[in-house]
Amino acid sequence: MKKAVVILSGGMDSTTATFIAKKEGYEIIPLHFNYGQRTEKRELKAFNDICDYLELKNRYVIDIPFFKQIGASALVDENIEVPTDGIKPGIPITYVPFRNGIFLSIATAVAEKEGAEAIYIGVVEEDSSGYPDCREEFIKSIEDAINKGTKPQTQIKIKTPLIHLKKEDIVKKAVEVGVPLELTWSCYKEEDKACGVCDSCRLRLKGFKKAGIKDKILYKQ
């Protein structure tokens, strides 16, 4: 059976990408990162809940402590407030420098070890927070680089099934492929009830509203 490493944060997008990979016939190797993010424990719970739901055994949970040392992002630096006043143009302070590049590099090492032919990542370019490492141009470039930097017999395709979708289309796709959306976690700030006002919560709520579907997770506001 063909294998795919799936970068699974436990959020709506990465979970939907996981279910799409399963539907496309891949044996799923889920990969999760603890990188000092504010909601690290809650995201890990979502990851494990989703893996349990899909009965995935071969799980990778990798700690990346250096993101907190680098700082420069509200997701990993407690001294920087997570914005809650609406999505603004430009690259937000929640951007973690080159996070997806580092994630994909580690995912490549796992894929080469496991003999996987694909890496799935739930990046969204057209309707997201404006992170530069979610762009299709970047994904194509790093795919080329990793295939130049691995064994000759290793050929890995980076699959981004959501990259050009709107959030409401992602919600609809999630329902279509059977994602238990109530198990996912998107909030940047809180681990008990989602804050409802950070960029990630706003994008998620907008997607559910436009899709005409109720979000079953609990929100503070």
Side-chain angles (χ1 to χ4, degrees), residues 4-26 28 30-33 39 43 46-47 49-51 53-54 75 83 86-92 94-96 98-101 103-104 107 117-143 156-188 194 196-217 219:
V5 173
V6 180
I7 298 173
L8 177 55
S9 69
M12 180 172 69
D13 299 344
S14 66
T15 304
T16 303
T18 303
F19 276 68
I20 290 171
K22 185 174 187 295
K23 188 175 182 181
E24 292 178 350
Y26 286 93
I28 305 299
L31 171 60
H32 182 80
F33 297 103
T39 55
E43 287 182 30
F47 167 79
D49 287 347
I50 292 152
C51 288
Y53 185 91
L54 289 172
L75 294 195
I87 298 166
K88 305 284 197 308
I91 299 170
T94 52
Y95 166 64
V96 180
F98 205 60
R99 179 181 61 179
N100 284 340
F103 285 1
L104 286 164
E117 62 187 63
I119 297 169
Y120 278 74
I121 183 169
V123 291
V124 180
E125 179 176 354
E126 294 192 1
D127 190 21
S128 66
S129 296
Y131 297 159
D133 56 357
C134 289
R135 295 176 299 181
E136 188 172 33
E137 179 186 18
F138 167 71
I139 297 296
K140 287 179 177 177
S141 296
I142 200 165
E143 179 186 86
I156 297 170
K157 179 71 177 173
I158 301 178
K159 293 182 174 279
T160 55
L162 312 180
I163 197 161
H164 293 305
L165 296 185
K166 298 290 187 185
K167 279 293 181 185
E168 59 266 30
D169 297 321
I170 294 171
V171 174
K172 291 174 184 176
K173 174 60 80 171
V175 171
E176 177 191 321
V177 297
V179 174
L181 286 164
E182 67 278 7
L183 297 183
T184 65
W185 193 256
S186 302
C187 185
Y188 286 157
V197 290
C198 70
D199 287 1
S200 187
C201 280
R202 287 178 187 273
L203 286 165
R204 178 179 174 126
L205 286 166
K206 183 185 78 168
F208 273 90
K209 184 177 181 179
K210 287 193 172 184
I213 296 169
K214 179 177 173 54
D215 190 356
K216 295 179 182 177
I217 71 166
Y219 286 88

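- Rounding to the nearest 0.5 Å gives a distance of 10.5 Å between CD1 of Ile217 and NZ of Lys214.
- Other residues, nucleotides and ligands contribute at most 12 non-hydrogen atoms within 6.0 Å of the CD atom of Glu137.
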Review point. Yes or no on salt bridge (Lys or Arg N to Asp or Glu O under 4.0 Å) for Lys167 and Asp13, after CA distance, side-chain angles and deciding distance?
Key: CA-CA 9 Å; Lys167 279 293 181 185; Asp13 299 344; 2.6 Å; yes
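- Checking Thr15, Thr18, Ile28 one by one against Leu54, the side chain to side chain contact (heavy atoms under 4.5 Å, CB included) holds for a single residue, Thr18.
- There is a side-chain donor-acceptor pair under 3.5 Å between His164 and Glu136.
- At least one side-chain heavy atom of Arg204 sits less than 4.5 Å from a side-chain heavy atom of Thr184.
- Considering CD1 of Ile20 and CD of Glu176, their distance stands at 8.0 Å, rounded to 0.5 Å.
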Practice item. Take Phe138 and Val123 through the side chain to side chain contact (heavy atoms under 4.5 Å, CB included) test and state the conclusion after the steps. Key: CA-CA 11 Å; Phe138 167 71; Val123 291; over 6 Å; no
Exercise for review: Kindly determine whether Val96 and Tyr131 satisfy side chain to side chain contact (heavy atoms under 4.5 Å, CB included), including the steps that lead there.
Suggested key: CA-CA 9 Å; Val96 180; Tyr131 297 159; over 6 Å; no
Practice item. Go through Asn100 and Cys134 one step at a time and tell me if the side chain to side chain contact (heavy atoms under 4.5 Å, CB included) criterion holds. Key: CA-CA 7 Å; Asn100 284 340; Cys134 289; 3.6 Å; yes
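- Here the straight-line distance linking atom CZ of Phe103 with atom NE2 of His32 works out to 8.5 Å at 0.5 Å rounding.
- For the atom pair Leu8 CG and Phe33 CZ, the distance stands at 11.0 Å (nearest 0.5 Å).
- With salt bridges taken as basic N to acidic carboxylate O contacts below 4.0 Å, none links Asp199 and Lys88.
- Among Leu162, Leu31, Ile158, the one residue that satisfies the side chain to side chain contact (heavy atoms under 4.5 Å, CB included) test with Ile121 is Ile158.
- Using a distance-only test at 3.5 Å, with no hydrogens or angles considered, no donor-acceptor pair links the side chain of Ser186 to the main chain of Ser200.
- Atom NZ in Lys209 sits 12.0 Å away from atom CD in Glu168 (nearest 0.5 Å).
- The 12-atom threshold is not exceeded at NZ of Lys216, counting heavy atoms of other residues, nucleotides or ligands nearer than 6.0 Å.
- Aromatic pair Phe19/Tyr120: ring centres not closer than 6.0 Å.
- Between Val6 and Ser14 the shortest heavy-atom distance is CG1-O, 4.3 Å.
- Salt bridge absent: Glu143 and Lys140 never bring a charged side-chain N and a carboxylate O closer than 4.0 Å.
- Atoms CD1 and NZ, from Ile139 and Lys159 in turn, are 13.5 Å apart once rounded to the nearest 0.5 Å.
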Practice item. I would like to know whether Leu165 and Val124 meet side chain to side chain contact (heavy atoms under 4.5 Å, CB included); could you show each step before the answer? Key: CA-CA 7 Å; Leu165 296 185; Val124 180; 5.7 Å; no
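- Among all heavy-atom pairs drawn from Leu181 and Ala174, the shortest one is CD2-CB, 3.8 Å.
- Ionic pairing of Glu117 and Lys157 is not present here: no N-O contact between side-chain nitrogen and carboxylate oxygen is shorter than 4.0 angstrom.
- The shortest non-hydrogen separation linking Gly178 to Tyr53 is O-OH, 4.1 Å.
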